[in-house]
Structures are given as structure tokens and as C-alpha cells.
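Have a look at the structure below, then the notes.
Below, chains carry the letters A, B, ... as their sequence lines are ordered, and counting in each starts from 1.
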Amino acid sequence: MVDRREKLERLRAAGIDPYSRGFKPTHTTVEARALLGEGDRTTEEVALAGRMMVKRLHGGSAFADLQDGAGRIQLFAGRDILGPAAFELFADLDPGDVIGVKGPMFRTRRGEPTVEVHSLQLLTKALRPLPEKWHGLKDIEIRYRQRYVDLIANPEVREVFRTRTRIITGLRTLLDERRFVEVETPVLQEVPGGGHARPFLTHHNSLDRDLYLRIALELHLKRLLVGGFERVYEVGRVFRNEGLSPRHNPEFTMLECYEAYADYDDVMKLVEDLMVASAKSAGRPLATAYQGEEVDLTPPYRRARMADLVLEHTGKQAVGNELNDLFEEHVEAKLRQPTFVIDYPIEISPLARPRADDPRFVERFELIILGREYANAFTELTDPVDQRARFEGQAAKRAAGDVEAHPMDEDFLRAVEYGLPPCGGLGVGIDRLVMLLTDQPSIRDVILFPVMKPEA
RNA sequence: GCCGGCGUAGCUCAGCUUGGCAGAGCAACGGUCUUUUAAACCGAUGGUCCAGGGUUCAAAUCCCUGCGCCGGCACCA
């Protein structure tokens, strides 16, 4: 750091702006390599910009690797070609400096496609040294706290996040093709509903009013179905005031979609299509593996009633909360291949439609893969009288001290009283889906800036 | 919140068991070298051993407390 600051002053004294601008690249490193193709030399010059990563000096010549958003390419500088002043500038560069170079492409004796540097511009002087070139950056704490360094030092990390974007784009494309309308609904909410979680509390100063950060998207999207949007979806951040783990970050990304005149059987088919589309977007075969365990995402997925699964694994017949507890304790982790667990107890599903043939259960499913939940969906409850009764039941639990029981939402009830068409709804945890499709072990590996405690 | 592991140079890591001068490679610095690619070679430099306290003639090393990171549990339908 001290050395680099002194170098900065030396550069300025020599009339070189260490934070210059105006350089316009004509090619990426990948395009430059393609321009050379199988040839030995191009007559055309390329202009490349990026970060100088490593430098190999050989007296009157010098090599360096330039990294840009597309990849890396080798640079060659010769004193006879560049002239003494520019050559000294090149030789004096530090790993991490952002530079622009111009020159033709050629192939070295060893066959490496290389830019023959005919001119050089220092664009940004780096004051901090990069992590080691061979071992790279492994320290997990620095990787998460200083993601910018991780992204420089570990290009495969960039690829994970590019894949994340491709997956989300693929999901949007499929929903758009099916005439779902993407919408945005409030993050700041008076009533944090639609899920079962402790919310974050914040405060609006000029209204002098407490507001919550949303824990789900559901209730506003269903209001939009009341309003006449027949197919809506939102990809958005939700916030849950809970502990951290390799599968939990306090803010994470949900996809929720709602379709009028559909039920949970239709939604299961949609989920299968979304899984196939997202695997394709990620460039993953459907028969794949996660952290060394084989998993086959080829539809159709097994469908099994929760009560049947619990009976199969425990020999016990149960309903209500007990059924769900038995499922979570004894069954969920054992479901490795994709499985739609269907027909949840009504007690834990205050927004779902009861089964006509057995009102102890609702038309709800979760998609479980490798013991983890990837989707949660149901045929929505549209009966406003039943919905009010469910909320009142939850309010009683809340009064009894259950901080996660669903809060009363009078405005949502009013909307349902105007008439919510029969519909199916779906929620997908995007981060966990990306983990699966990029084979990353921790949710922090698919969130650019995960929540951390303050630095020591 | 509870339990366990980890924290040493900018980076990657030894050293800790059994207390005795703070180490290596890479980066950075000086030098040789005009097609190398983990460039090579020569030289010199670089430390709050996470922080604080204790035991001891002597602590990176043993003990206690705190902080951070990782994993597990709890929480998270």
C-alpha cells in the first residue's frame, strides 16, 4: 500500500494520469482470440481493456495476463516495439492495475494467442495487492465480505452468478410465454403476511408509522387476481428475521406466481416445466448431481400424500400438527429424488383451499428434492368467510404467544370479499434452486453479498 | 441462544502435540535476462501470531474471557 502510493506519485510526476479515461475497447479477450483463429498473426489491431493479473519480465521483453469480463488473454511487450518509455511503464505495472492496450494478435512459439502491445494506457492504478496467483483466494470470510476480490481472483465465482441470472431469466421467459404478467408489490408492509416467519420491523419517519419488511409476496399478488390480472408473478426479495445457516440468509429471493382457474394439479405441471426450463438455462442435464449425490430432475415427479409418507416411514397415522411434525422429523430428509408431497394439514395452511373429500387436509404441495423444499403451492382459498375464520384462528394463536402465527389482514379479506377467482399459487425459493443447479454447498455462494456480522 | 472446529506476513500455509530467537512459497522491493506462462536465478524486506487477561524465568504454543469465520443443533410450516 505504501509502495503503491509512492508509485502513484512517481507516475503523476512523470506526467502519467493513473486514473485516466477515454480508452474504448474494440474486442473482448474472447473476441480477440477468435479473431486470430487458427492464424499466426492479424493485420487488424485490437483494443482490449481489463485488469492485469500476472506479469513475467524477461529483460527487454515482458508478458502479462489481461483479465476482462469474458476471460483472460496474454499480452506481449517488447522494448523495441513499444519504445523505452512505454516499455518501462508496462514493466512497472502491478497486478490489479486496469489498463488498455492496442496491437495486433499473434501466436507465440508455444502457440499461445497473444496481443502484441503497440500502445498502452494506464486506466486505474490499484493500491491494494491481489491474492496469490496460484492458490487464489480461499479465505471464506474474505470471499463473502469482499466479494469484489473473490470475483477478481476466482473467475468461476462469476460464472455461478451469471448462471444465477440465466436461471431467473429462463423462469421469466417461460412465465412470460404463458402470458403471466410480471408485477412489483410493496416491500414495506403494514401487515407482514403470506408466510410463517418473524418479520423485520422498520419505521417511516414522516408518517411516524411502523412498517414491516415483507416475508412473502402472496397476499398482494392475490389482490391483483381480484383486480382482474389472471396470471401474475413477481421475482422479489423477501426478508425473514431468523437465524443464518448454509440454507438460510435473512434476505432471499422468491418467485411467486398465481394463475386464475388453475388448481394445484395444474401448478404441479407448471413446477415441472419450470424445473426443466431452469436446468436448461443453467446448462445442467436433468440427470445431474448435487454435492456428489445423483438426482434426476426429469418429470414427472413422484406424488405422495403426506399422510401416506408418514405411515410408510413411521407406521403412524396422524393428522394436523402432529402429522406435519412427524413428516419433518422422519420423512422429509429421506426424500432424495424429486417428490411432490401433497395434501397438507389444514392447521398449518391458513391460505389454502380444503379438500372437498376431507376438510382436515388442503390442496397443497411442496416439492422436495434431496431432503430440501424447493416449491410450496396450493389451490388458493377463495371463500372470504372461511378465510376470515382461518385468520381469526391464527389471531388466537398469536394472542397465545405464537409470534409466527399469521396476522389478521383486513384489507386482504376485503379484497377476497370482492371475489377472488379460483386459482392456484406457487412460491419458489430461487436461491436454493440456484444452489442445486450450480452445485454450490451454501446459500452464501449464490448471494453476492450475504449477511455477515460486523467485522471484528 | 447452545455445542464443536478454526483465526500466524497482502495471499496460500507450516510451526502449537511435548513452552525456548517468528518460518516457507507467491505478491510487493533491488538486480540479471528480448517468445515466457505457477518463467527462472541472485539479493534484500515484510508480523498487533484475532483481541484482552492469566500461568511461567520464558507463551504463536498452556489456561480463562471476548470477537469473527465455518459446521451442527435450536429457530426457519
Completion exercise
Correct closest heavy-atom pair for A:Tyr374 and A:Arg432 would be CE2-O, 3.3 Å

[X] has a side chain; which of [options] sits nearest to it?
X: A:Thr108; options: B:U35, B:A28, B:C26; answer: B:U35
X: A:Phe63; options: B:U34, B:C70, B:U35; answer: B:U35
X: A:Arg4; options: B:U34, B:C26, B:A28; answer: B:A28
X: A:Arg444; options: B:U35, B:C69, B:C29; answer: B:C69
X: A:Lys7; options: B:C69, B:U35, B:C29; answer: B:C29
X: A:His58; options: B:G10, B:G68, B:U34; answer: B:U34
X: A:Lys453; options: B:A39, B:G68, B:G71; answer: B:G68
X: A:Lys138; options: B:A28, B:C13, B:C75; answer: B:C13
X: A:Trp134; options: B:C70, B:C11, B:A38; answer: B:A38

Considering only atom [atom1], compute the distance from [N] to [M] and round it to an integer number of Å.
N: B:C11; M: B:A28; atom1: C1'; value: 12 Å
N: B:C16; M: B:C62; atom1: C1'; value: 10 Å
N: B:A60; M: B:A22; atom1: P; value: 7 Å
N: B:G5; M: B:G66; atom1: P; value: 15 Å
N: B:A59; M: B:G68; atom1: C1'; value: 23 Å
N: B:C49; M: B:A9; atom1: P; value: 9 Å
N: B:G10; M: B:A27; atom1: P; value: 16 Å
N: B:A24; M: B:U8; atom1: C1'; value: 13 Å

Exercise for the section: May I ask you to verify if any side-chain N or O of A:Lys133 is less than 4.0 angstrom from the OP1 or OP2 atom of B:C26? Expected result: no

NA contact type, [X], heavy-atom cut-off 4.0 Å: base, sugar-phosphate, or nothing?
X: A:Leu57; answer: base
X: A:Asp80; answer: base
X: A:Phe106; answer: base
X: A:Glu373; answer: nothing
X: A:Arg110; answer: base
X: A:Asn321; answer: nothing
X: A:Ile348; answer: base
X: A:Arg72; answer: nothing
X: A:Glu347; answer: nothing
X: A:Arg240; answer: sugar-phosphate
X: A:Pro345; answer: nothing

Quickly work out the [X] [atom1] to [N] [atom2] distance and round it to whole Å.
X: A:Ile142; N: B:C6; atom1: CD1; atom2: P; result: 19 Å
X: A:Asp97; N: B:A27; atom1: CG; atom2: P; result: 15 Å
X: A:Asp139; N: B:C50; atom1: CG; atom2: C1'; result: 12 Å
X: A:Arg145; N: B:C69; atom1: CZ; atom2: C1'; result: 8 Å
X: A:Leu137; N: B:C69; atom1: CG; atom2: C1'; result: 13 Å
X: A:Asp65; N: B:A39; atom1: CG; atom2: C1'; result: 12 Å
X: A:Arg143; N: B:G68; atom1: CZ; atom2: C1'; result: 17 Å
X: A:Lys55; N: B:A28; atom1: NZ; atom2: P; result: 6 Å

Problem - Verdict with supporting geometry, A:Val235 and A:Thr253, side chain to side chain contact (heavy atoms under 4.5 Å, CB included) - result: CA-CA 7 Å; A:Val235 177; A:Thr253 301; 3.8 Å; yes

Practice task
Report, as yes or no, whether the 6.0 Å neighbourhood of atom CZ on A:Arg355 holds more than 12 heavy atoms from other residues, nucleotides or ligands.
Solution key: yes

Handout entry: Enclosure of A:Glu329 CD (heavy-atom neighbours >12, cutoff 6.0 Å)
Key = no

Are [X] and [Y] close enough for a salt bridge, meaning some N to O gap below 4.0 Å?
X: A:Arg12; Y: A:Glu9; answer: yes
X: A:Arg79; Y: A:Glu88; answer: yes
X: A:Arg214; Y: A:Glu251; answer: no

Practice task
Between A:Arg41 and A:Pro95, just flag the one whose closest nucleotide in RNA chain B comes earlier from the 5' side.
Solution key: A:Pro95

Exercise for the section: Using heavy atoms to find the nearest nucleotide of RNA chain B for A:Asp94 and A:His135 separately, return the residue whose nucleotide is more 5′. Expected result: A:His135

So which nucleotide does [N] pair with, by the Watson-Crick or G-U wobble rule with both distances under 3.5 Å?
N: B:C13; answer: B:G23
N: B:U32; answer: B:A40
N: B:C62; answer: B:G54
N: B:C69; answer: B:G5

Exercise for the section: Would you kindly check if the NZ (Lys) or CZ (Arg) of A:Arg147 is within the cone defined by 45 degrees around the ring axis of A:Phe161 and under 6.0 Å from the six-membered ring centre? Expected result: no

Handout entry: Test log, rule side chain to side chain donor-acceptor pair (under 3.5 Å), inputs A:Asp68 and A:Thr29
Key = CA-CA 7 Å; A:Asp68 69 5; A:Thr29 55; 2.8 Å; yes

